[in-house]
Amino acid sequence: QVQLVESGGGLVQPGGSLQLSCTVSGLRFSIHAMGWYRQAPGKQRELVALINSDGGTNYADSVKDRFTISRDNAKNTVYLQMNSLKPEDTALYYCTARRTTVAYWGKGTLVTVSS
C-alpha cells in the first residue's frame with residue numbers, strides 16, 4: 001500500500017516561512033521523482049517544485065528563489081521550504097511520487113498566507 005502523507009501546512013503571515021514535509025511508504029523512494037503541486041481556489045493545479053532521483057530540481061517561476069525542495073532518501077521524505085510567503089501562495093499543496101508513467105498523490109496540506 002503506497003502512502004504519501006503531507007504535513008506542515010497552516011496559517012502564516014505574508015513574508016513568513018513554512019516547511020512542508022511528505023513522508024512516503026510502500027515504494028522505493030530513492031528511484032522516484034518527487035514533486036510538490038498546488039491548487040488555489042478557482043485555479044488549475046500547478047507544479048511548484050520537482051526533485052529528481054539524482055537530486056536535480058525545477059521550480060515554477062513564481063516560487064523560484066523563495067522555495068527550496070529537498071529530499072532525504074534515508075527518511076523517505078521530501079521537503080518544501082517556503083520563504084517570503086505571499087498571499088498568492090495560498091493553496092492546497094500536494095506531494096507526488098513519480099516513476100516512469102506511474103504517479104502517486106498525497107491528500108494535500110493547506111497553506112494559507114494571510115494577515
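From a predicted model like this one, the values you see are computed outputs, not experimental measurements.
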Give a yes or no on whether the backbone of Asp54 and the side-chain of Asn52 come within a donor-acceptor separation of less than 3.5 Å.
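Checked: no pair found.
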Is the side chain of Arg98 donor-acceptor paired with the backbone N or O of Gly35 at a distance under 3.5 Å, no angle test?
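No; judged by distance alone, with no hydrogens or angles, the pair does not exist.
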Of all the heavy-atom pairs spanning [X] and [Y], show the shortest one and how long it is.
X     : Y     : result
Ser17 : Ser84 : OG-N, 4.3 Å
Asn76 : Leu27 : ND2-O, 4.4 Å
His32 : Arg28 : ND1-O, 2.8 Å

Should [X] and [Y] be regarded as members of a common hydrophobic cluster, given that ILVMFWY residues are connected when their side-chain heavy atoms come within less than 4.5 Å of each other, either directly or indirectly?
X      : Y     : value
Val111 : Tyr79 : no
Val63  : Leu18 : yes
Val12  : Leu80 : yes
Trp36  : Val2  : yes
Leu92  : Val48 : no

Could you state the interatomic distance from [atom1] ([X]) to [atom2] ([Y]), rounded to the nearest 0.5 Å?
X     : Y     : atom1 : atom2 : result
Cys22 : Phe29 : SG    : CZ    : 7.5 Å
Met34 : Ser70 : CE    : OG    : 11.0 Å
Thr57 : Arg71 : OG1   : CZ    : 11.5 Å
Gln81 : Leu20 : CD    : CG    : 9.0 Å

Would you say that more than 12 heavy atoms from the other residues, nucleotides or ligands in this model lie under 6.0 Å from the CG of Asp61, or not?
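Counting neighbours around CG of Asp61, 12 or fewer heavy atoms of other residues, nucleotides or ligands fall under 6.0 Å, so no.
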Step through the shown structure and confirm whether more than 12 heavy atoms of other residues, nucleotides or ligands are within 6.0 Å of CD on Gln13.
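Not more than 12 within 6.0 Å, no.
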Does the side chain of Ser114 come within less than 4.5 Å of Leu11's, by heavy atoms?
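Yes, close enough: below the 4.5 Å cut-off.
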Is the shortest side-chain heavy-atom distance between Tyr37 and Leu50 below 4.5 Å?
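Tyr37 does not reach Leu50 side chain to side chain.
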If the plane angle is over 60° it's perpendicular, under 30° parallel, otherwise tilted; pick one for Tyr94 and Trp105.
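Correct class here is perpendicular.
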Please name all residues satisfying salt bridge (Lys or Arg N to Asp or Glu O under 4.0 Å) with Arg66, sequence neighbours left out, ordered by chain then number.
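Arg66: salt bridge (Lys or Arg N to Asp or Glu O under 4.0 Å) contacts with Asp89.
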Is it true that Lys107 and Glu6 make a salt bridge, defined as a side-chain N closer than 4.0 Å to a carboxylate O?
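Salt bridge: no.
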Begin from the C-alpha positions of Thr77 and Thr23 and carry the test side chain to side chain donor-acceptor pair (under 3.5 Å) through to its verdict.
CA-CA 4 Å; Thr77 299; Thr23 299; 3.3 Å; yes
